[in-house]
Amino acid sequence: MERETSTHSIGDEVIIIADHLVKTFPGPIKALDDFSVRVKRGEVMVLIGPSGSGKSTFLRCLNGLEAIDSGAIVIDGIPLDDNENNRLAIRREVGMVFQSFNLFPHLSVLENINLAQCLVRKKSKEKATETTKALLNKVGVGEKMHSYPDDLSGGQQQRVAIARALALRPKVMLFDEATSALDPEMIGEVLDVMRTLAEEGMTMVVVSHEMGFAREVSDRVVFMDAGRIVEEGATEDFFLQPVQERTREFLRQIL
Amino acid sequence: MLTDRPKTQLGALYRARNNIIPPPPDYMRSPFVSSTSIRDLFAFGLTVAGLFWLIQRGSEQLGYNWHWRQIPRYFFTLADGHFVAGPLLKGLVVTLEITAMSLVLAGVIGLVTALLRLSSSMVGRWMARVYLELIRNTPLLVQIFFLYFVMAPIFDIGRTATAVLALSLFEGAYASEIFRAGIESIGRGQWEASHSLGLSRYHTYRRIILPQAVRRILPPLTSQAVSLIKDSALVSTIAVYDLTMEGRTIIAETFLTFEIWFLVAAIYLALTLTLSALASGLERRFPRIA
């Protein structure tokens, strides 16, 4: 079937392998309950589900911010295990964007984006600044290079945060409700940046409540509840012909 | 209408003082004094006058002869146009040396202890905890005597070194709790953003967490430094010739009790106020972080 929704192409190569993930929080709450998923290079996968269903936990497990109880995660051939070097290697290849931006308030926009390039990629300050300028122009906040995060609007901060994550040239980008903390009029500018990234072929795992964005940009939608996959499918099929009753109910509530 | 233009010089002065120590927001105001500026100033004037009268009457009854003219030579003398430092100035230099060294060492001990408390090593956490509890729950004077009479002979360390060590260990314990509180006050998001960018633990602390934490803890850290200056007077008990010790020596020889203690207290005050002013200047120079 010809895809109408997205304009980018997906390879056959699997870049994210998550197998039988289990994550329990004190309570005990099973945030992930034998959760398995694979993502191909260039694919845009959107995770949806009620709050507390484990979407964010899964994202945070992917780059080791949250340790899994059992299961296996392999990203671009690197296993995420107890080895600190592997963990750091994965984090270099995986960029993450947070709901609350988490820019470093004591550093200027330029320094925010330069920092990891210099420390992690060992770039010279000049080279890093070059990259930073290009990225800031790409996300449309080029003129704010010397401002501090507190002086920017929410939408600008989030776009800087995306630029910061992109500065390491990651192979995968994770978006954890990137637009949920934004005023309505700023959601569009952030989604535009994400859309551009998708069109350029970035592999993206997106937790979002923006169904319009999911429909338009994503290749695959995964519906989660209670740490398990309830239903997953190609975006068009998922929205037009959901199989599970639970999915239909959820879509009725939010659409 | 310029309603809030100062009508009198007194009013202008009152407003100027009010800016240096700003009043609390209205909802937080205590019931202690509720008055207009005039009543406030009047009450203050009355209190000062009363205190002054009490002191005046007391010292008259005591029959104390003030000899302020003799004091300057204990500070410095000019012999043939050459500047010769007096005992009080020498003592001040010793106090400055001891506090400066202790300040640096206490800072290092404080930071290292805080990092040990926050480390994954159980031994490290316990060592930090035991050190903290031992130091915070015994008197500084006893610690100084213990180090001087017990540890110094064993390890063969000198008087000044013992003084610096005692002060650093004591203030370092308090500094470590300040550091820890500052580090823990940095939101989880900052750590996660740093980790997600692939920064190591060292770089996360060095570039993200500590710069923000240190700015937040500058005020309590300054108080601790002020405490250190004041506590340094205790090292006079192990015959380190600091400002206090020199003062005591002069008094023993001359019985200029009132003058010397007034002067010594004033010098300590000048030191601590200078330090506080430096710190608040530092605070103003950096952009404020919420």
Side-chain angles (χ1 to χ4, degrees), chain A residues 56 59-60 62-67 78 84-108 111-122 147-151 157 160-170 172-176 181, chain B residues 107 111 114-116 118-125 178-222 279-290:
Chain A
S56 288
L59 231 54
R60 297 157 56 77
L62 278 184
N63 68 349
L65 289 183
E66 220 60 86
I78 310 164
E84 182 77 7
N85 288 333
N86 283 347
R87 198 202 318 270
L88 290 178
I90 282 183
R91 284 170 176 170
R92 282 197 291 272
E93 306 305 332
V94 178
M96 187 163 192
V97 177
F98 300 87
Q99 181 179 347
S100 48
F101 328 137
N102 295 341
L103 292 176
F104 306 129
H106 61 301
L107 301 177
S108 70
E111 292 163 332
N112 259 281
I113 304 177
N114 271 1
L115 188 70
Q117 298 183 64
C118 296
L119 294 180
V120 177
R121 291 284 190 220
K122 315 283 183 209
S147 303
Y148 280 81
D150 286 351
D151 301 327
Q157 286 193 49
V160 170
I162 293 174
R164 181 176 69 177
L166 288 174
L168 291 181
R169 303 249 170 268
V172 175
M173 283 286 282
L174 310 176
F175 291 85
D176 189 3
Chain B
L111 184 58
L115 293 179
L116 276 179
L118 296 168
S119 75
S120 57
S121 147
M122 194 187 71
V123 178
R125 290 200 305 271
I178 296 174
F179 272 114
R180 189 165 69 99
I183 291 167
E184 285 176 349
S185 79
I186 304 299
R188 189 175 174 173
Q190 292 290 306
W191 301 88
E192 292 187 341
S194 179
H195 289 153
S196 76
L197 287 170
L199 265 63
S200 62
R201 284 176 200 281
Y202 169 77
H203 280 141
T204 299
Y205 265 98
R206 170 78 184 71
R207 307 300 286 266
I208 307 299
I209 304 303
L210 286 179
Q212 295 184 64
V214 164
R215 263 170 241 197
R216 281 187 197 180
I217 63 176
L218 209 52
L221 225 44
T222 310
S280 58
L282 209 63
E283 250 175 277
R284 242 173 289 130
R285 263 196 58 181
F286 291 117
R288 214 65 211 118
I289 305 298

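By convention in this document, chain letters (A, B, ...) are assigned in the order of the sequence lines, proteins followed by strands, and residues within each chain are numbered from 1. The structure displayed is predicted, hence computed values, not measured ones.
- Note on A:Gln99, A:Met96, A:Glu84, A:Arg164: by heavy-atom pairs under 4.5 Å with chain B, the leading option is A:Arg164.
- In this structure, no portion of A:Ile90 lies under 4.5 Å from any heavy atom of chain B.
- Side-chain atoms of A:Leu65 and A:Phe98, non-hydrogen and from C-beta on, do get closer than 4.5 Å to each other.
- When only modelled atom types and interatomic distance are considered, B:Ser196 and A:Asn63 share no side-chain donor-acceptor pair under 3.5 Å.
- Among all heavy-atom pairs drawn from B:Gly182 and B:Ile217, the shortest one is CA-CG2, 3.5 Å.
- Proximity to chain B (any heavy atom under 4.5 Å) is shown, for A:Val97, by neither the backbone nor the side chain.
- Under a 4.0 Å N-O distance rule, the pair B:Glu283/B:Arg215 does not qualify as a salt bridge.
- Most heavy-atom pairs under 4.5 Å with chain B, from the set A:Leu88, A:Leu119, A:Leu168, A:Val120: that is A:Leu119.
- In this structure, the portions of A:Phe104 lying under 4.5 Å from any heavy atom of chain B include both its backbone and its side chain.
- Residue contact with chain A, scored on non-hydrogen atoms closer than 4.5 Å, involves the side chain of B:His203 exclusively.
- Per-residue counts of heavy-atom pairs under 4.5 Å with chain B were compared for A:Arg87, A:Arg121, A:Arg92, A:Arg60; the largest is that of A:Arg60.
- Around atom CZ of B:Arg201, no more than 12 heavy atoms belonging to other residues, nucleotides or ligands sit under 6.0 Å away.
- Your options are B:Gly198, B:Gly187, B:Pro211, and the one with the most heavy-atom pairs under 4.5 Å with chain A is B:Gly198.
- Of the two parts of A:Glu66, only the side chain, counted from C-beta on, holds a non-hydrogen atom closer than 4.5 Å to a non-hydrogen atom of chain B.
- Here the side chain of A:Asn112 pairs a donor or acceptor atom with the backbone of A:Ser108 at under 3.5 angstrom.
- Across B:Ala114 and B:Phe179, no two heavy atoms sit closer than the pair CB-CB, 3.7 Å.
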